[in-house]
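One-based numbering, in listed order, for ligands and for the atoms of each. Worth knowing before you read on, the calculation uses all heavy atoms, side chains too, and leaves out hydrogens, waters and symmetry mates.
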Amino acid sequence: MSGSTDPAREWAAFQYEIYLNGMTGAVPRLPTDLTRLEEVAEQRLGPGPVGYVAGSAGSGRTAEANRKALDRWQIVPRMLRDVQRRDLSVELLGARLPAPLALAPVGVLSIMHPDAEPAAARAAAAQGVPFVLSSASSTPMEEVAEAMGEAERWFQLYWPKDREVTKSLLGRAKAAGYTALFVTLDTWLLAWRPRDLDQAYLPFLHGVGTANYFTDPAFQAGLAKPVHEDRDAAVLHFVRMFADPAKTWDDLAFLREHWDGPIVLKGILHPDDARRAADAGMDGIVVSNHGGRQVNGSIGAADALPGVVRAVGDRLTVLFDSGIRTGDDIFKALALGARGVLLGRPYAYGLGLDGQPGVEHVIRSVLAEFDLTLALSGHTAPGQLTPDALTRANA
Ligand SMILES: Cc1cc2nc3c(=O)[nH]c(=O)nc-3n(C[C@H](O)[C@H](O)[C@H](O)COP(=O)(O)O)c2cc1C
Ligand SMILES: O=C(O)C(=O)c1ccccc1
């Protein structure tokens, strides 16, 4: 998107582009109701990969709770408020963004499409939306950065056991132009995930998700033989050092020491943990339950949001993910106090179904829908949204 146009107008114009394409026979290849992406992905993509992405922890209660928590709220539109000109832009983590949206860190994207992270990152860059690169990406972080040009990029860390590897990953991320660091706190261990267990499908065992490590000098230093000479040993080493369940709040000082940009803790659900993040001098948090992929039976992320915002909303940047599927979901998360949202599975499906254009379709659709929801309910900017815009749905 060129910087000179009004982003909100451009997203609304996408609606007409879709009509026109439809009229000339160039029908959109992906659903415009983004809640249908999963069903289409299930039909068209391989059972292992789509099971990995769509799957969640245990019996799926948390993924379900995420949807219920958002559906419990309903928007109460207001009339006659001059919504002709809208400005969706926000300032987040030191960056001016065209909209309160970023693509969530999703590892192992090559299981969805051979173009993987660089394609998703290019799609994000084309829309001015930040891309959060997973440390478990299937492409080295430098290559993804290269694909993005000057566009805003953030790096997500799975915090390794080994300090040298941690320092090395942070140094590389900084050098490659990633500005903010997202540290994921809810995935020191992979949860009990029946779809993957039943299909015996784990991407690492297919050698996916190790790119940042296998290219890392500090990681390589811990191997008896080079990666290409003993790949199995390298994978085993990766699995052992990839995350560290022994970490505590005291360890955050180490990250502060080795990262001079904004640090965001991802996976906060309890107000006391949010306070601890603020006390530790963190710049932001993501209220998230990892899309329901970690603790089955846990609180729906949107149910956790108001309490966290009450506790720390004025002390650090509160972001939100888990369950966002549509533009009205973004509206609700912002009205409940989030300053921005991350989108997870929907863009992974877009990538799987149509590569970079598929991700662009998802971003443009969700933002067009958000812009229209904002306007049609009487608002012209994300900063105007408060809980007053919502009501609890009758059970
Ligand atoms: C296939 C898949 C891989 C993921 N990989 C990561 C990851 O590498 N790092 C991370 O912090 N979160 C990861 N997540 C969690 C997302 O960042 C995000 O929290 C979650 O997808 C949000 O929920 P949603 O999918 O309902 O939008 C992953 C999620 C999925 C579906
Ligand atoms: O699958 C996930 O949810 C996830 O976070 C992950 C963890 C390690 C590697 C790739 C993805």
* Gly344 N/O to ligand 1 N/O under 3.5 Å ->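 Yes; at least one N/O pair falls below 3.5 Å.
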* Is the gap between the ring centers of Phe331 and His379 under 6.0 Å? ->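 Yes, the ring of Phe331 comes within the 6.0 Å limit of the ring of His379, centre to centre.
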* To do: Determine whether the aromatic ring centres of Trp154 and Phe182 lie less than 6.0 Å apart.
  =>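 Under 6.0 Å, so yes.
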* To do: Can you figure out which of Lys266, Glu38, Arg293 has its heavy atom closest to atom 1 (C) of ligand 1?
  =>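 The nearest heavy atom belongs to Arg293.
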* Would you mind finding which of Tyr347, Phe320, Tyr158, Tyr52 brings a heavy atom closest to atom 10 (C) of ligand 1? =>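 Residue with the shortest heavy-atom distance to the ligand atom: Tyr158.
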* Considering only NZ, NE, NH1 and NH2 on the basic side and carboxylate oxygens on the acidic side, decide whether Arg364 and Glu17 come within less than 4.0 Å. =>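 Salt bridge flag = yes for Glu17 with Arg364.
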* So does Glu38 pair up with Arg345, basic N to acidic O under 4.0 Å? ->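 Result for this pair is no, no salt bridge flagged.
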Taking non-hydrogen atoms only, is [X] closer than 4.0 angstrom to ligand 1 via side chain, backbone, both or neither?
X	result
Thr184	side chain
Gln156	side chain
Phe182	neither
Pro105	both

* To do: Kindly assign one of parallel, tilted or perpendicular to the pair Phe219 and Tyr213, based on the angle between their ring planes and the thresholds 30° and 60°.
  =>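 Judged by the thresholds at 30° and 60°, the geometry between Phe219 and Tyr213 is perpendicular.
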Please state which protein non-hydrogen atom is closest to [atom] and give its distance, to 0.1 Å?
atom	value
atom 5 (O) of ligand 2	Tyr158 OH, 2.5 Å
atom 9 (C) of ligand 2	Phe204 CZ, 3.0 Å
atom 6 (C) of ligand 2	Tyr52 OH, 3.7 Å

* Asked: Between Thr187 and ligand 2, is there a nitrogen or oxygen pair with a distance under 3.5 Å?
  ->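 Between Thr187 and ligand 2, no N or O pair is found under 3.5 Å apart.
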* Asked: For residues Ser288 and Asp321, is any side-chain donor paired with an opposing acceptor at under 3.5 Å?
  ->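 Side chains of Ser288 and Asp321: pair found under 3.5 Å.
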* Separation of Leu252 CG from Leu265 CG (nearest 0.5 Å) ->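 Going from the CG atom of Leu265 to the CG atom of Leu252 covers 5.5 Å.
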* From Phe14 atom CZ to Leu367 atom CG, the distance as rounded to the nearest 0.5 Å ->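 One gets 10.0 Å once the value is rounded to the nearest 0.5 Å.
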* **Which segment of Arg193 sits under 4.0 Å of ligand 2 when only heavy atoms are counted** =>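 It is the side chain that gets close, since no backbone atom is under 4.0 Å.
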* His290 contact mode with ligand 2 (heavy-atom cut-off under 4.0 Å) ->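 Within the 4.0 Å criterion, His290 contacts ligand 2 through side-chain atoms alone.
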